[in-house]
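First comes the structure, then the notes that go with it.
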Amino acid sequence: RIMKYIAAYALCALSGNTPAKADVEAVLKAAGVAVDAARVETLMTEMSGKAFDELVAEGQKKMSSGAAAPAAAAAGAAKPAAKAAAKAAEPSDDDDDEMGGLF
């Protein structure tokens, strides 16, 4: 839910002006969102004195620097999992014994 409020703030910031509480509320209402005044107030307090463009740039840096490590770890973990899946898919001779040698 909070993302709707942040998105409304971002849309207002795209105009080049610092968004006002009324601007954010107007965007939310236009989108059909039931406006929670407390959430808008919290957002406005958190964003007070901060440049939205700088926050976005900072977030992009964090995402790009931190994205490589988890991706590499995930790729490394996928290899043993793929080997285990391939091993499980191999038919074994023991399966015949379980069926009483029917097949």
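Numbering starts at 1 and runs along the sequence shown.
- Ser15 approaches Cys12 most closely through the heavy-atom pair OG-O, 2.7 Å.
- Taking each heavy atom of Ala13 and Pro19 in turn, the nearest pair found is N-CG, 3.6 Å.
- For the atom pair CG of Leu14 and CZ of Phe52, the computed distance is 7.0 Å after rounding to the nearest 0.5 Å.
- Note: Thr42 OG1 to Met47 CE = 13.0 Å, rounded to the nearest 0.5 Å.
- Using a 4.0 Å cut-off between charged side-chain N and carboxylate O, Glu54 and Lys50 make no salt bridge.
- Note that CZ of Arg39 is 9.5 Å distant from NZ of Lys4, once rounded to the nearest 0.5 Å.
- Listed by chain and residue number, Glu41 satisfy the side-chain hydrogen bond (donor to acceptor under 3.5 Å, both in side chains) test with Lys21 (two or more places apart in sequence, or in another chain).
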Without placing hydrogens or testing angles, list every side-chain donor-acceptor pair under 3.5 Å for residues 22-31, not counting sequence neighbours.
{"from": "Asp23", "atom 1": "OD2", "to": "Ala20", "atom 2": "N", "distance (Å)": "3.1"}

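- One finds the OH atom of Tyr9 at 8.0 Å from the CG atom of Leu55 (value rounded to the nearest 0.5 Å).
- Cluster membership check: Leu43 shares its hydrophobic cluster with Val35, using side-chain heavy-atom separations under 4.5 Å among Ile, Leu, Val, Met, Phe, Trp and Tyr.
- Considering only residues two or more places apart in sequence or on other chains, Asp53 meets the salt bridge (charged side-chain N to carboxylate O under 4.0 Å, His left out) condition with none of them.
- Hydrophobic clustering, with ILVMFWY side chains joined whenever heavy atoms are under 4.5 angstrom apart, keeps Ile6 apart from Met63.
- Under the 4.5 Å side-chain heavy-atom criterion for ILVMFWY residues, a single connected hydrophobic cluster contains both Ile2 and Val56.
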